[in-house]
Amino acid sequence: MGPVTGLRVDGLLVEVPEGASLLDAVRAAGGSLPTLCHDDRLRPAGSCRTCLVRADGRITAACVTPAAPGTDVATAQEDLRALRRDAVELIVSGLPPRALSADCRSELADTCRTMDITPQATASEASKGRDDSHPYVQLDRDLCIACGRCVRMCDDVQGTFALTLTGRGADTVVAPGTGGPWAQSDCVACGGCVDTCPTGAITRPGPGRGITTAQSHPESVRTTCGYCGVGCTLDVVVDGNRVSAVLPALDGPVNQGHACVKGRFAHGYLTSTERLAQPLIRKNGHLEPAGWEEALALVADGLRDAVATGGPDAVAAISSARTTNEENYLVQKFLRTVIGTNNVDNCSRLCHAPSAAGLSAAFGRAGGTDSFDDVEKADCLLVVGANPVEAHPVIGARLLQHALAGASLIVADPREVGLAHHADVHLRPRPGTNVALFHGLAHVLVAEGMTDPDFLRDRATGLPELTELLTRHTPARTAELTGVPAELITAAARLYGRAERPAIVYGLGVTEHLHGTDGVRTLANLAILRGAVGNTGRGYGITPLRGQNNVQGASDMGALPDMLPGYGRVTDPEARSRAEAVWGRTLPAQAGLRIPEMFEAARRGSLRALWIIGEDVCATDPDSRQVVEALDACPLVVVNELFLSETAKHADVVLPVASWLEKEGTFVNFDRRFQRVRTAVRPPAAARTDFDVVHAVAAAMGADLGCRTPAEALSECGRVAPLFAGLSHTRLDREGAVAWPCPAPDRPGEATLYTDAFTTPDGRARLSAAPYLPPGETPDAAYPLLLVTGRRWAHYNSGSMTRRGDNLLLEDRGYLDLHPQDAARHGLHDGSEVTVESRHGRARLTARLSSGLSPGQVFCAFHFPESGVNALTSGHADTVTSCPEYKVTAVRLTDGTARTTP
Ligand SMILES: Nc1nc2c(c(=O)[nH]1)N[C@H]1C(S)=C(S)[C@@H](COP(=O)(O)OP(=O)(O)OC[C@H]3O[C@@H](n4cnc5c(=O)[nH]c(N)nc54)[C@H](O)[C@@H]3O)O[C@H]1N2
Ligand SMILES: Nc1nc2c(c(=O)[nH]1)N[C@H]1C(S)=C(S)[C@@H](COP(=O)(O)OP(=O)(O)OC[C@H]3O[C@@H](n4cnc5c(=O)[nH]c(N)nc54)[C@H](O)[C@@H]3O)O[C@H]1N2
Ligand SMILES: [Mo]
């Protein structure tokens with residue numbers, strides 16, 4: 001099979017790829033046809049009859065007719081034109097004249113313009129009405145032509161199944177499947193229906209209302225989304241200095257024309273009146289506006305004082321996974337070369353540090369093993385401790401569609417998350433028991449001969465130790481430890497074990513535990529046992545769904561206390577000397593402080609200056625009372641922020657900065673792709689980019705960090721780190737996305753790792769025989785419930801950006817999900833205010849009953865800092881990486897004020 005050749009379109013010879021339609025052939029010949037029921041992202045429907053052509057003499061809809069070799073296609077004959085015109089006229093005849101008004105830029109209006117079709121005076125003006133209930137998606141029923149594109153977008157791309165066509169004949173219109181207003185439907189505002197609607201029946205509100213393609217808007221800027229780690233390519237349509245629409249790029253390598261409620265709609269924060277517009281400095285206990293010069297001088301003096309009093313290690317910085325690679329590169333360079341300390345870390349510590357540690361130990365490198373495009377070729381998906389439908393919606397959609405298309409799906413999550421509804425097997429381990437669960441699965445793989453002996457002999461080590469340990473992890477024993485029925489463990493192991501090409505995808509439900517790194521390693525065991533990693537053709541390894549837009553990049557750039565850019569250890573003289581040669585300075589050789597150690601040092605008095613760049617530690621780090629104490633004890637706290645965050649409120653100096661839509665640089669997404677970030681709009685007047693701020697602080701201390709531009713910074717980083725030597729802004733501008741490792745400018749990036757060997761010292765993958773150990777917190781009589789914390793679809797982490805805009809209308813407060821039995825026991829119902837207490841603190845939330853949780857377990861997010869969720873979470877952390885045990889906290893519910901024993 002190969003390209004389809006020998007087709008003629010109006011006499012012109014064309015060649016199209018296998019599987020192409022006659023519509024593709026017509027386009028390949030440079031032609032175009034009206035296609036009112038067609039969208040390239042969707043399977044063709046062939047219902048609107050506006051793309052009629054003649055193929056070997058027979059009249060047919062081009063969009064649904066496969067291109068066959070040698071077909072003779074005619075498009076230009078008069079009778080065909082008339083038929084197409086009739087089809088469009090018939091569709092238009094039911095619409096009010098405004099559907100074709102001069103200022104209407106819909107696909108239908110444009111089509112009519114090219115066909116010289118004008119509004120019919122006879123068209124009915126009786127209105128079917130509008131639905132403006134939803135903040136981001138509005139419906140004008142009179143403009144609906146029932147083409148079904150929105151419904152197919154919702155079903156076949158997004159997978160939410162929220163829409164349907166109702167009514168009969170000419171009265172058929174789209175409606176939410178739940179019947180009521182749009183705002184109360186299952187819609188998750190991915191915006192797919194808005195994008196695809198050809199008539200303007202479904203639009204976003206506001207100035208960008210009618211915009212559906214970036215092509216017709218020269219003012220559009222291509223960039224990479226700054227919310228989660230998926231790395232969607234977005235076209236930002238700008239009017240003056242305002243964002244009027246954000247459109248997912250059809251050729252975006254990860255999102256392929258799709259997006260989610262955050263990337264597409266949550267940009268209201270840009271113009272929030274709460275946006276910081278000038279530096280603030282603390283005077284007499286209050287933060288007061290100041291000029292940049294004064295603020296920078298204060299920071300420089302404070303840093304000098306700290307070094308004078310306590311040496312370079314009295315200074316530390318928390319760099320940001322929200323900022324660019326180039327900014328992270330500069331921050332760590334500043335700490336290492338100007339201050340002389342390795343005290344720099346980033347929020348990977350709170351997130352996927354166990355992935356970096358676990359995957360490096362198992363395979364050699366601190367990232368996922370395969371590209372997501374490969375994962376999508378798997379015939380079995382094992383999704384563990386991840387809720388991509390809410391937290392990585394575009395990936396969630398792709399995984400769901402892949403499962404609907406036939407791949408088997410195993411979900412391991414204590415809660416009934418979105419994907420679990422479509423799973424062949426849903427394993428619901430008690431939170432904190434992953435290692436036992438993975439050993440149980442591995443036991444069945446070994447016991448039932450579903451391993452790959454050749455791979456284990458040639459490319460792995462550690463089998464004897466693991467096999468010995470696994471004898472104790474029978475399904476029955478695993479069921480006792482995890483609460484998962486033994487037969488489900490066996491069933492899941494058989495699905496994974498017998499698949500031809502299985503893939504593992506996982507999230508924080510694996511990492512944010514006392515034994516998170518063990519969790520990652522023992523999960524990786526499954527891929528190793530099956531030989532399903534390392535480009536064997538027998539599966540697609542293991543992929544962490546990394547969280548922040550640039551959390552992979554922040555670590556790649558060396559914003560870590562033990563690693564230089566590109567993962568050279570600070571303790572390794574060779575790695576140091578490579579950086580020293582480029583930076584012209586001797587580097588500190590001892591690993592610096594991790595985030596929790598920074599707070600400890602501050603409380604002890606040995607940390608005297610802390611620079612926090614884009615992390616709301618008082619809201620998002622665990623046991624927040626202790627964090628506040630640390631900041632209050634530290635003589636200088638500097639915060640770079642967009643808003644006066646909980647953390648900024650405790651700062652001595654707050655510096656206003658630009659956000660991702662307002663600056664240049666690059667991000668690295670979850671499957672290790674570097675992609676460009678570009679300036680769409682200007683930041684508020686006095687705000688600067690973090691890049692400029694780091695330069696300015698260095699300058700105020702009399703130092704020059706070199707690399708004046710982000711482009712220069714990435715190139716310099718490539719000289720320090722061989723992994724990135726082949727990358728540059730110009731290359732990314734040309735190629736779009738490039739995966740690391742990328743050692744040379746003329747070689748492609750390596751999306752799939754370990755093709756020949758693993759990069760462990762002996763080139764082999766390492767099985768882990770880590771024993772199962774219980775979580776740090778367990779419920780008892782005083783704190784009988786187990787709290788899991790995680791994410792909700794409408795808000796993002798501290799909520800600093802998503803709460804400042806209309807996402808607040810989608811979810812306006814922090815909820816505590818609990819099983820109806822637990823609610824009944826506590827006399828709570830939907831909407832009850834509830835106080836949650838742990839051994840560390842208390843939080844106020846609103847109860848929401850949910851049968852998606854097991855009795856005895858409760859769930860909440862941490863998107864509303866005023867609720868105080870991280871006052872509850874404990875100081876327990878992964879024994880290897882210090883990643884907090886956010887997923888397991890023992891709590892009790894009280895009626896609000898009194899302390900009652902349930
Ligand atoms: N809408 C939205 N999207 C986001 C974010 C956001 O705040 N909002 N944040 C971004 C960030 S920083 C990150 S890191 C990612 C996180 O993305 P995810 O990792 O998908 O997010 P979580 O919801 O924190 O946790 C995932 C799941 O782990 C399950 N879990 C808890 N304990 C266990 C356990 O012991 N075993 C197993 N198997 N599962 C368990 C939880 O029930 C939860 O469903 O999302 C990113 N995307
Ligand atoms: N209970 C509980 N707590 C958790 C988690 C959990 O599952 N449960 N998950 C943890 C995880 S995985 C993570 S990653 C952390 C995330 O925690 P944070 O990193 O603190 O959260 P964010 O809200 O993403 O961003 C922090 C701040 O960065 C600012 N910001 C945005 N863009 C920029 C920029 O370009 N420059 C600067 N200087 N600032 C910017 C925002 O305004 C925001 O205040 O939360 C952790 N906390
Ligand atoms: Mo994260």
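Counting starts at 1 for both ligands and their atoms, in listed order.
Side chain of Glu327 to main chain of Thr324: a donor-acceptor pair is present (N/O by atom type, distance under 3.5 Å, no hydrogens or angles). A distance-only check finds a donor-acceptor pair linking the side chain of Asn669 to the backbone of Val230 [under 3.5 Å]. Of the possible donor and acceptor atoms, one in the side chain of Ser624 sits under 3.5 Å from a partner among the backbone N and O of Asn870. When atom types are taken as modelled, the side chain of Thr224 and the backbone of Val677 share no donor-acceptor pair closer than 3.5 angstrom.
Near His795, the atoms of ligand 1 lying under 4.0 angstrom from a non-hydrogen atom of the residue are 1 (N), 2 (C), 6 (C), 7 (O), 8 (N). Residue contact check: His513 has heavy atoms under 4.0 Å from atoms 32 (N), 33 (C), 34 (C), 35 (O) of ligand 1. Of all atoms in ligand 1, listed by their number and element, those nearer than 4.0 Å to a heavy atom of Val788 are 31 (C). Close approach of ligand 2 to Leu508 is summarised as follows: ligand atoms under 4.0 Å from at least one heavy atom of the residue are 12 (S). Counting the atoms of ligand 1 from 1 in the order shown, those under 4.0 Å from a heavy atom of Gly385 are 19 (O), 26 (C), 27 (C), 28 (O), 37 (C), 38 (N), 39 (N). The atoms of ligand 1 that sit less than 4.0 Å from any heavy atom of Cys228 are 46 (C), 47 (N). Each of the following atoms of ligand 2 lies closer than 4.0 Å to a heavy atom of Lys663: 34 (C), 35 (O). Heavy-atom contacts of Arg792 reach the following atoms of ligand 1: 1 (N), 2 (C), 8 (N) (cutoff under 4.0 Å). Numbered from 1 in the order shown, with element, the atoms of ligand 2 that lie under 4.0 Å from a heavy atom of Thr323 read 34 (C), 35 (O), 36 (N). Less than 4.0 angstrom separates some heavy atom of Cys347 from each of these atoms of ligand 2: 14 (S). Interface atoms of ligand 2 facing Met801, defined by a heavy-atom separation under 4.0 Å, are 31 (C). Close approach of ligand 1 to Cys351 (heavy-atom distance below 4.0 Å) involves ligand atoms 14 (S). Listed by number with element, the atoms of ligand 2 under 4.0 Å from a non-hydrogen atom of Asn870 are 1 (N), 2 (C), 3 (N). For ligand 2, the atoms sitting less than 4.0 Å from at least one non-hydrogen atom of Thr789 are 1 (N), 2 (C), 6 (C), 7 (O), 8 (N), numbered in the order shown with element in parentheses. Those atoms of ligand 1 with a heavy atom of Val417 less than 4.0 angstrom away are 44 (O). Taking every non-hydrogen atom of Lys887 and a distance limit under 4.0 Å, the qualifying atoms of ligand 2 come out as 7 (O).
Ranking the protein heavy atoms by distance from atom 39 (N) of ligand 2 puts Gly614 CA, 3.1 Å first. The nearest protein atom to atom 15 (C) of ligand 2, hydrogens excluded, is given as Leu350 CD1, 4.0 Å; this is a heavy-atom distance. Among protein heavy atoms, atom 23 (O) of ligand 2 sits closest to Ser798 OG, 2.6 Å. Looking only at protein heavy atoms, the nearest one to atom 3 (N) of ligand 1 is Ala391 O, 3.2 Å. Protein heavy atom at the shortest distance from atom 41 (C) of ligand 2 is Ser800 OG, 3.1 Å. The single protein non-hydrogen atom nearest to atom 2 (C) of ligand 2 is Tyr886 CD2, 3.2 Å, given as residue, atom name and distance. Annotation: atom 6 (C) of ligand 2 to nearest protein heavy atom, Phe862 CE2, 3.5 Å. Residue, atom and distance of the protein heavy atom nearest to atom 37 (C) of ligand 1 are Asn434 OD1, 3.4 Å. For atom 34 (C) of ligand 1, the nearest protein heavy atom (residue, atom name, distance) is Gly509 O, 3.3 Å.
Contacts between Asp621 and ligand 2, counted as non-hydrogen atom pairs separated by less than 4.0 Å, are absent for every part of the residue. At a 4.0 Å heavy-atom cut-off, ligand 2 touches Asp690 through the side chain alone. Both the backbone and the side chain of Asn640 come within 4.0 Å of ligand 2, judged by heavy-atom distances. At a heavy-atom distance under 4.0 Å, only backbone atoms of Ala658 (N, CA, C or O) approach ligand 2.
Ring pair Phe265/Tyr136 is parallel by interplanar angle, where below 30° counts as parallel and above 60° as perpendicular. Ring planes of Phe643 and Tyr269: perpendicular class, angle over 60° (limits at 30 and 60°).
The residue among Asp413, Asn387, Leu786, Val188 with a heavy atom at the shortest distance from atom 43 (C) of ligand 1 is Asp413. Selection from Val639, Thr647, Thr620 by nearest heavy atom to atom 47 (N) of ligand 2 gives Thr620. One option in Leu655, Asn550, Leu642, Asn797 has a heavy atom closer to atom 16 (C) of ligand 2 than any other, and that option is Asn797. Nearest-residue assignment for atom 29 (C) of ligand 2 (options Arg322, Glu641, Gln548; heavy-atom criterion): Glu641.
When each of Asp690, Asn640, Asn328 is paired with Thr323, the side-chain hydrogen bond (donor to acceptor under 3.5 Å, both in side chains) condition holds for Asn328 and for no other.
For the pair Arg688 and Trp292, the cation-pi test (distance below 6.0 Å, angle within 45°) is passed.
One side chain, Thr666 or Asn325, offers a donor N or O that lies under 3.5 Å from an acceptor on the other. A donor atom on one side chain and an acceptor atom on the other are found under 3.5 Å apart for Thr881 and Asp878.
For Tyr796, the closest heavy-atom approach to ligand 2 falls below 4.0 Å. Under the 4.0 angstrom criterion for non-hydrogen atoms, Arg791 is in contact with ligand 2. By the 4.0 Å heavy-atom criterion, Glu512 is excluded from the residues contacting ligand 1. Residue-ligand proximity: Arg546 is placed with every non-hydrogen atom at 4.0 Å or more from ligand 1. The closest approach between a heavy atom of His352 and any atom of ligand 1 is not below 4.0 Å.
Going from atom CG of Asn807 over to atom OG1 of Thr802 covers 6.0 Å, rounded to the nearest 0.5 Å.
An N or O contact shorter than 3.5 Å links Asp616 to ligand 2 by distance. Taking any N or O of Ala412, backbone or side chain, at least one lies under 3.5 Å from an N or O belonging to ligand 1. Among the atoms of Arg430, none of the N or O lies under 3.5 angstrom from an N or O of ligand 1.
Taking the centre of each ring, His513 and Tyr886 stay at or above the 6.0 Å mark. Under the 6.0 Å cut-off for aromatic ring centres, Phe334 and Trp611 qualify, their centroids lying closer than that.
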Legend entry - ring-ring contact (aromatic ring centres under 6.0 Å, His included) evaluation trace for Tyr772 with His473: CA-CA 10 Å; Tyr772 165 69; His473 286 274; 7.4 Å; no
What side-chain donor-acceptor pairs closer than 3.5 Å can you find for residues 409-425, not counting sequence neighbours?
| unit_1 | atom_1 | unit_2 | atom_2 | d |
| --- | --- | --- | --- | --- |
| Asp413 | OD1 | Arg415 | N | 2.9 |
| Asp424 | OD2 | Leu409 | N | 2.7 |

